[in-house]
Amino acid sequence: MTEYHPAKIEPKWEKKWEEQKLYQIATQQPRNTATKKFYDLVMFPYPSGNLHMGHVRNYAIGDVIARFKRMQGFSVLHPIGWDAFGLPAENAAIKNKSHPADWTAKCINQMTKQLKRLGISYDWSREVTTCKEDYYKWTQWIFLKFLGKELAYQKKAMVNWCPDCQTVLANEQVKEGKCWRCDSPVYEKALKQWFLKITDYAQRLLSDIEKLSGWPEPVKIMQRNWIGKSRGVEIKFGVAPFSSQVLNIYTTRPDTLFGVTYMVLAPEHPMVDKLTKGTKYEKAVQAFKEKVKHETLHEREESSGKEGVFTGAYAINPANNEEIPIWISDYVLMEYGTGAVMAVPAHDQRDFEFAKTHNLPIKVVIKDGNRDALPRACRGVQSQVSDNKAFIDEGIMVNSAQFNGQPSPDGLKNIGDWLVKKGVGTWKTNYKLRDWLISRQRYWGVPIPVIYCDKCGVVPVPEKDLPVKLPKNVRFTGKGSSPLAQVAEFVNTKCPKCRASAKRETDTMDTFICSSWYYYRYTDAQNKTQAFAKEKVDHFMPVDQYIGGIEHAILHLLYSRFFAKFLYDQKLVPTDEPFKNLLTQGMVIKDGAKMSKSKGNVVDPDDIIKKYGADTARLFILFAAPPQKELEWSDKGVEGCFRFLNRVWRLVTQIINCKPQATNPELTKKTHQTIKAVTEDIERFSFNTAIAKMMELTNELSRANDKDPEAIKALLILLSPFAPHITDELWNKLGNKKSIHQEPWISYDPALIKEDELTIVVQVNGRMRDTIKVSATAEKNAVICAAKASEKVKNFTSGKQIVKEIYVPNKLVNLVVK
RNA sequence: GCCAGGAUGGCGGAAUUGGCAUACGCUGCGGACUUAAAAUCCGUUCCCCGAUAGGGGCUGAGGGUUCGAGUCCCUCUCCUGGCACCA
């Protein structure tokens with residue numbers, strides 16, 4: 001009998017699988033004529049250089065599903081690729097004086113080796129790399145489709161600007177308001193940028209969440225909140241000194257209109273200058289504007305104080321013609337609504353704080369219905385606004401003319417309709433979702449395929465000229481404008497329309513664009529003339545199972561849904577939702593904290609594979625916790641899984657030379673029960689309990705004197721999706737010629753699972769007192785009689801009256817006594 | 001602050017529909033094998049009373065519904081994640 005040496009057997013099988021192209025979809029043997037497809041997708045990695053445990057978890061989960069579905073006879077698409085553009089490559093290039101392309105290629109090479117060493121059953125012939133020309137050509141092509149439908153456009157937008165590095169920074173590069181590289185404060189700066197009009201799809205992105213029955217509820221809630229739909233009224237306020245001017249505000253609470261005591265504009269609001277020009281307030285207002293402008297993003301977000309200045313102007317409340325002062329403050333955002341709000345300090349917490357700070361009046365118009373059913377005038381009403389809190393709940397309208405006495409939800413509707421009738425209001429729907437800023441002043445990304453011509457303006461690069469190639473000879477200093485702007489050969493070109501000299505766009509695209517459509521490319525990865533052929537996407541889409549980290553719950557998944565809807569509208573793809581089922585895996589942690597270099601609690605997958613083998617690594621990571629939950633790493637737990645595989649090894653190698661023995665009916669029953677349980681557990685992603693049940697079967701088989709070959713065959717097949725190497729080796733040792741991974745999934749015989757004797761729990765007054773064995777066919781009365789006959793039960797029933805008998809078939813009897 | 005999720009032995013976790021709480025693994029303890037150790041195997045391990053039989057208690061805290069609650073409802077505490085001036 002040989003010993004279990006994973007290091008010897010695992011690479012051998014990986015090589016064989018690759019040679020036999022076992023996992024390429026074309027080579028999978030269809031088991032029946034009507035083979036159904038199953039698209040099993042894991043979130044492709046950023047090639048950072050090394051696989052970490054989070055990757056291992058993601059890919060181990062994906063692989064169990066792929067192997068299981070394949071054995072069930074599905075034609076499984078299980079691809080992998082690289083989200084290869086992005087900032088880290090550029091930073092590494094600056095640091096190591098290398099080229100991002102070389103650095104990325106090296107990382108991909110290293111991680112490919114690691115993935116292959118894990119024995120994940122990918123179809124490598126469909127590998128997709130987003131930084132390669134044959135991929136980003138089609139990313140540009142899709143961009144042009146957006147441009148053609150006017151869903152890609154340019155506008156000025158605020159970006160993070162580092163005055164020292166003379167460059168734009170991504171949000172994650174701004175650490176506490178300072179540049180991560182030079183530590184100088186980061187400011188907001190308006191730059192002309194490219195956007196995708198995702199807001200056009202806001203309503204569909206919201207409504208279609210209902211279609212996603214296979215998605216976890218928390219992810220759907222996060223997306224709903226992110227889209228942030230609200231219903232309200234846009235109201236016109238007259239401006240006192242300029243009767244011709246109006247200011248539009250947006251409110252979700254028109255019921256509080258009579259409680260407006262002032263108005264606040266965003267400092268950037270275009271009316272601010274008009275209102276203050278030449279007045280004594282101009283100086284203070286300009287100073288405040290200037291201050292806000294120079295406030296870093298961080299400062300503006302963090303400033304809890306309600307700062308602001310009076311503009312000297314007054315607005316007229318259309319409800320009661322009251323004049324109210326107009327202020328400006330940084331708590332009002334230009335980007336949302338109309339950039340102006342009506343302030344109701346009695347019923348809005350922010351307005352309340354602002355009013356307190358600046359001594360502005362507070363007027364109650366909604367009375368707490370719970371405190372006093374009668375909205376008697378408004379005496380005493382002031383008291384419900386305590387020293388530090390506005391009353392923001394629903395209540396009864398007061399101080400609101402003809403609306404007095406109405407419940408505020410009715411008042412909300414009635415005042416809104418009243419304003420519409422008067423011609424000063426419009427019902428409006430607003431979304432928090434903003435258009436997607438996709439320009440990056442970076443090198444390592446997809447060039448935006450656009451040319452600027454003095455005569456023709458913005459000209460899309462014609463499809464036949466794609467891809468717009470990223471030039472290789474670029475200097476990386478990390479300073480100055482976009483690196484591409486410094487490459488004359490790239491920038492200077494001819495206008496495709498008029499052939500005059502023209503300049504290329506030098507910004508590149510946000511990498512989230514690359515990852516918003518990669519799952520389509522997998523369906524036809526080697527297509528040289530199209531992004532993907534219609535019949536291929538039609539066959540494979542949608543993704544049947546998508547697996548990845550919860551950290552992508554909003555951005556990646558929302559962007560992908562947006563792309564899917566757009567491509568669906570262009571009749572390029574068959575469904576308007578890309579991912580049918582979603583599994584969000586939890587983090588891998590150690591000592592209660594996320595693994596990180598700074599904490600020194602990183603476990604390197606390579607070390608685990610070296611010591612115990614890939615099968616043990618995979619098994620532990622699936623056994624230690626359910627996939628959705630956090631997983632606490634435990635070295636001892638890994639050893640436990642290694643011991644289990646050793647037990648399986650000994651169990652199987654022991655019987656190789658033995659003659660088949662008579663089967664033991666108890667073992668057969670246990671085997672078939674295990675087949676049923678493991679199958680059901682895999683289907684509901686309960687991999688940890690599936691493994692526990694295989695351990696039980698193994699323990700029982702080891703203890704049994706007669707080794708049942710059928711049971712051992714079943715155990716190996718059940719275990720093969722989890723531990724593919726050892727099972728293929730043992731399968732081979734048992735004399736099988738074909739790989740175990742080409743076997744069909746094993747089914748159980750319901751007749752063999754049936755217990756002919758059942759254990760029934762007997763309770764007295766709901767407390768367990770005894771268990772009795774009865775025949776599986778026993779009638780209710782017989783079971784209750786047997787229960788009453790139990791000596792232990794009698795101890796609790798004697799001398800008492802049985803008032804109720806509860807019988808749950810096959811499970812329990814409960815005798816209620818008095 | 002708002003939204004979501006969670007709390008079960010010394011630890012990771014199980015209990016799928018309200019029906020034997022703690023499966024499986026780890027750790028600890030005891031034993032077998034061995035000159036010895038490792039490996040392996042066997043037993044044991046929620047707490048309390050008890051030699052055993054047996055009994056009592058226990059799923060973050062308190063209350064409720066029910067013949068019966070880890071599971072359903074209400075109140076509270078703590079933890080984790082997401083969002084956060086969105087008018």
Side-chain angles (χ1 to χ4, degrees), chain A residues 3 216-222 224-226 228-230 232-233 249-253 256 263-264 266 300-304 306 329-333 335-344 347-351 353-354 430-434 550-551 553-554 586-587 589 592 619-620 623-626 628-641 643-644 646-647 650 677 680-681 683-684 686 688-696 698-699 702-703 759-771 792 795 803-817:
Chain A
E3 265 182 65
E217 214 52 46
V219 175
K220 292 197 273 187
I221 291 166
M222 276 193 252
R224 275 194 201 102
N225 292 343
W226 189 262
K229 183 179 182 174
S230 75
V233 189
I249 61 94
Y250 171 76
T251 182
T252 55
R253 293 290 304 273
T256 63
M263 183 187 275
V264 189
R300 185 158 176 181
E301 276 166 7
E302 291 296 296
S303 80
S304 50
K306 293 283 175 249
S329 171
D330 61 353
Y331 83 87
V332 177
L333 308 172
E335 296 83 40
Y336 185 79
T338 60
V341 302
M342 63 178 215
V344 188
H347 305 294
D348 181 282
Q349 189 59 27
R350 293 153 305 176
D351 297 344
E353 283 164 24
F354 192 84
N430 255 316
Y431 299 90
K432 283 196 244 180
L433 184 71
R434 314 235 180 109
I550 184 85
E551 66 273 17
I554 296 169
M587 274 195 311
I589 58 170
L619 203 66
F620 169 73
F623 178 62
Q628 298 89 343
K629 281 186 70 172
E630 265 186 1
L631 185 152
E632 169 79 33
W633 187 266
S634 151
D635 292 332
K636 289 287 180 191
V638 177
E639 268 175 55
C641 287
R643 274 202 281 271
F644 165 63
N646 270 287
R647 270 205 299 280
R650 280 194 301 274
E680 287 169 2
D681 282 354
E683 262 154 10
R684 64 186 178 106
S686 187
N688 52 337
T689 54
I691 293 167
K693 279 153 196 164
M694 290 187 267
M695 287 171 168
E696 280 185 58
T698 305
N699 290 344
S702 311
R703 266 192 280 265
T759 303
I760 303 284
V761 170
V762 185
Q763 298 180 333
V764 179
N765 286 348
R767 301 194 49 115
M768 212 273 282
R769 293 305 177 189
D770 198 9
T771 58
K792 287 177 189 168
N795 289 338
V803 293
K804 205 168 178 184
E805 292 162 353
I806 285 143
Y807 172 67
V808 181
N810 304 336
K811 271 188 184 148
L812 142 157
V813 171
N814 187 13
L815 303 171
V816 184
V817 300

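Residue numbers start from 1 in every chain, and the chains themselves are labelled A, B, ... in the order their sequence lines are given, proteins ahead of strands.
Closest approach to the A:E630 side chain among B:U80, B:C26, B:A87 is made by B:U80 (side chain taken as heavy atoms from C-beta onward). Checked against B:G19, B:A87, B:C20, the side chain of A:V332 finds its nearest nucleotide in B:A87.
Going from atom CD of A:Q763 over to atom P of B:G18 covers 16 Å, rounded to whole Å. Rounding to whole angstrom units, CG of residue A:N688 and C1' of B:G13 are separated by 7 Å. Residue A:R434 contributes atom CZ, which lies 13 Å from atom C1' of B:C83 at whole-angstrom precision. Atoms NZ (A:K432) and C1' (B:C83) sit 7 Å apart, rounded to a whole Å. When the C1' atom of B:A4 is taken as reference, atom CD1 of A:I550 falls 10 Å away, rounded to whole Å.
Separation of the C1' atoms belonging to B:G57 and B:A21 is 13 Å when rounded to the nearest angstrom. B:G62 and B:C78 have their C1' atoms separated by 15 Å, given to the nearest Å. Comparing the C1' positions of B:C26 and B:U80 gives a spacing of 24 Å, expressed to the nearest Å. Taking atom P in both B:G70 and B:C76, the straight-line distance is 23 Å, to the nearest Å. Separating the C1' atom of B:C46 from that of B:C42 is a span of 23 Å, rounded to the nearest Å.
The existence of a salt bridge linking A:E696 and A:K693 is excluded, since no basic side-chain nitrogen approaches an acidic carboxylate oxygen closer than 4.0 Å.
The two residues A:E630 and A:A625 make their nearest non-hydrogen contact at O-CB, 3.6 Å.
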